[in-house]
Amino acid sequence: MTPVRLVDAHHHLWDLSVRDQDWITGELAPIRRDFLLPELRAETSAAGVHATVLVQTVPVAEETPEFLAVADGSALVAGVVGWTDLTSPGVGDALAALRGLPGGDRLVGIRHPVQGERDPEWLLRGDVQRGLRAVADAGLVYDLLVRSHQMAAAVRVAAAHPGLTFVLDHLGKPPIASGELEPWASAVRELAALPNTFCKLSGMVTEAEWKTWTVDDLRPYAGTVLDAFGPGRLMYGSDWPVCRLASSYGDVLEAARALTAELGEEERASVFGGTADRVYGLV
């Protein structure tokens with residue numbers, strides 16, 4: 001059954017004429033082109049999506065104001081998870097400035113691409129934790145983009161900031177292609193034991209074998225986060241257009257529906273809209 005309100009809690013946009021996406025290299029080349037709002041609107045309209053959350057792609061200060069402007073001119077983009085330099089002493093002022101821009105009321109969270117940091121304990125740095133306190137003081141959410149070897153630090157930082165809501169992107173990027181569950185699954189359960197943590201049911205198809213993945217390949221990983229967080233703390237995200245490396249927009253949504261088919265109607269409504277609405281304050 002299609003939920004009354006369907007929210008895509010995680011997608012991106014980029015315009016290469018405005019800013020290069022220097023991470024799109026090698027095997028990622030198929031998505032090295034512009035992905036703009038009209039194409040997103042076409043995909044979401046066909047899928048019956050009512051609202052979306054636009055998420056940062058590069059750690060560049062100019063990107064977030066641009067995304068807020070996109071949201072300001074769109075009924076579709078209900079929230080923006082942007083970027084600011086968490087290590088700066090002026091994080092609070094920077095967040096206040098973003099809030100004052102056109103579309104500033106759509107700023108719902110902050111994310112840093114921790115997955116690219118060499119230090120597995122980057123999140124535990126003193127300056128980063130000071131920045132996270134400023135995010136909490138601003139009433140915003142923090143999206144965790146980490147890999148398995150960084151999960152221990154994510155658990156510690158979430159425990160240290162009980163007043164800040166943390167959302168784990170892409171299940172913490174489990175090794176779906178190899179079929180391994182540990183140590184990822186144990187780390188996810190440890191994070192989920194903290195009441196201020198949530199998880200996005202997103203990004204799975206690109207952690208699987210791109211050309212041959214099946215829903216059954218994803219099932220052990222989706223099942224782990226469903227058991228750990230419960231449907232009331234999970235939210236669906238397409239990870240479009242990155243998902244296009246392995247799947248269409250519609251097929252990612254159908255895979256998520258198949259993985260949650262045994263849930264009750266209210267539980268599915270949480271995963272596919274209610275959790276994102278509540279956590280990000282979209283309605």
Side-chain angles (χ1 to χ4, degrees), residues 1-13 27-28 30-31 35 39-55 76 143 145 147-148 167-181 184-185 188 192 198-277 279:
M1 181 179 293
T2 301
V4 173
R5 177 173 161 86
L6 177 56
V7 177
D8 179 350
H10 196 106
H11 73 87
H12 308 285
L13 298 171
E27 62 182 355
L28 306 182
I31 58 170
F35 288 94
E39 187 173 357
L40 173 72
R41 192 180 291 116
E43 295 277 19
T44 55
S45 177
V49 172
H50 296 90
T52 73
V53 176
L54 173 56
V55 180
L76 176 64
D143 268 36
L145 180 60
R147 297 188 181 276
S148 291
V167 176
L168 180 64
D169 290 350
H170 312 328
L171 288 70
K173 297 208 161 187
I176 299 175
S178 70
E180 297 175 359
L181 280 171
W184 166 82
V188 160
F198 295 77
C199 180
K200 288 183 181 176
L201 196 65
S202 64
M204 289 182 287
V205 297
T206 46
E207 296 304 317
E209 289 289 347
W210 293 357
K211 295 184 183 300
T212 61
W213 69 270
T214 67
V215 169
D216 284 342
D217 294 333
L218 312 181
R219 199 174 299 279
Y221 304 91
T224 296
V225 295
L226 274 166
D227 290 342
F229 288 94
R233 290 164 60 202
L234 279 184
M235 62 182 84
Y236 166 75
S238 68
D239 198 27
W240 184 89
V242 180
C243 69
R244 289 175 56 101
L245 293 166
S247 180
S248 69
Y249 190 97
D251 284 348
V252 169
L253 177 56
E254 288 309 306
R257 284 177 168 151
L259 292 166
T260 56
E262 295 183 2
L263 298 179
E265 182 178 345
E266 290 187 4
E267 292 174 323
R268 290 197 303 273
S270 290
V271 173
F272 289 99
T275 303
D277 278 340
V279 171

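Numbers here are sequence positions counted from 1.
- Residues Leu245 and Leu28 are in side-chain contact: their nearest non-hydrogen atoms beyond the backbone lie under 4.5 Å apart.
- Two residues are said to be in side-chain contact when any heavy atoms from C-beta on lie closer than 4.5 Å; Thr275 and Tyr236 fail this criterion.
- Using the six-membered ring where Trp is involved, Trp240 and Tyr249 have ring planes that are perpendicular, over 60° apart on the 30 and 60° scheme.
- To the nearest 0.5 Å, atom CZ of residue Phe198 and atom CG of residue Leu168 are 12.5 Å apart.
- Summarising the geometry of Trp210 relative to Trp213, their closest heavy-atom pair is O-CD1, 3.3 Å, with the distance given to 0.1 Å.
- Pro220 and Thr224 get closest at one heavy-atom pair: O-OG1, 2.8 Å.
- Considering only residues two or more places apart in sequence or on other chains, Tyr221 meets the side-chain hydrogen bond (donor to acceptor under 3.5 Å, both in side chains) condition with none of them.
- Considering only heavy atoms from C-beta on, Leu234 stays 4.5 Å or farther from Thr260 through its side chain.
- The local environment of CD in Glu266 is sparse, with at most 12 non-hydrogen atoms from other residues, nucleotides or ligands closer than 6.0 Å.
- Between Cys199 and Val225 the shortest heavy-atom distance is SG-CG1, 4.0 Å.
- In terms of heavy atoms, Ser247 sits closest to Val205 at CB-CG2, 4.3 Å.
- Interatomic distance, Asp169 CG to Leu145 CG, rounded to the nearest 0.5 Å: 5.5 Å.
- Using a distance-only test at 3.5 Å, with no hydrogens or angles considered, a donor-acceptor pair links the side chain of Asp8 to the main chain of Ser238.
- Closest approach of Arg233 to Ala192, counting heavy atoms only: NH2-O, 2.8 Å.
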How far apart are the C-alpha atoms of Phe272 and Arg257, what are their side-chain angles, what is the distance that settles it, and do they pass the side-chain contact (heavy atoms from CB on, under 4.5 Å) test? CA-CA 9 Å; Phe272 289 99; Arg257 284 177 168 151; 3.8 Å; yes
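- Side-chain contact between Leu226 and Leu263 is present, with at least one heavy-atom pair separated by less than 4.5 Å.
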In residues 170-177, what donor-acceptor pairs under 3.5 Å come from side-chain atoms, sequence neighbours left out?
| from | atom 1 | to | atom 2 | distance (Å) |
| --- | --- | --- | --- | --- |
| His170 | ND1 | Ser202 | OG | 2.7 |
| His170 | NE2 | His10 | NE2 | 3.4 |
| Lys173 | NZ | Gln115 | OE1 | 2.9 |

Working for side-chain contact (heavy atoms from CB on, under 4.5 Å), residues Met235 and Val7: CA-CA 8 Å; Met235 62 182 84; Val7 177; over 6 Å; no
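- Note that OG1 of Thr214 is 11.0 Å distant from CD of Glu209, once rounded to the nearest 0.5 Å.
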Between Leu6 and Leu253, does a side-chain contact (heavy atoms from CB on, under 4.5 Å) hold up when you go through it step by step? CA-CA 10 Å; Leu6 177 56; Leu253 177 56; 4.0 Å; yes
Any chance you could lay out the side-chain contact (heavy atoms from CB on, under 4.5 Å) test for Leu259 and Arg219, step after step, and finish with the verdict? CA-CA 6 Å; Leu259 292 166; Arg219 199 174 299 279; 3.9 Å; yes
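- Taking each heavy atom of Val53 and Ala9 in turn, the nearest pair found is CB-O, 3.4 Å.
- At a threshold of 4.5 Å between non-hydrogen side-chain atoms, the residues Thr44 and His11 do not count as touching.
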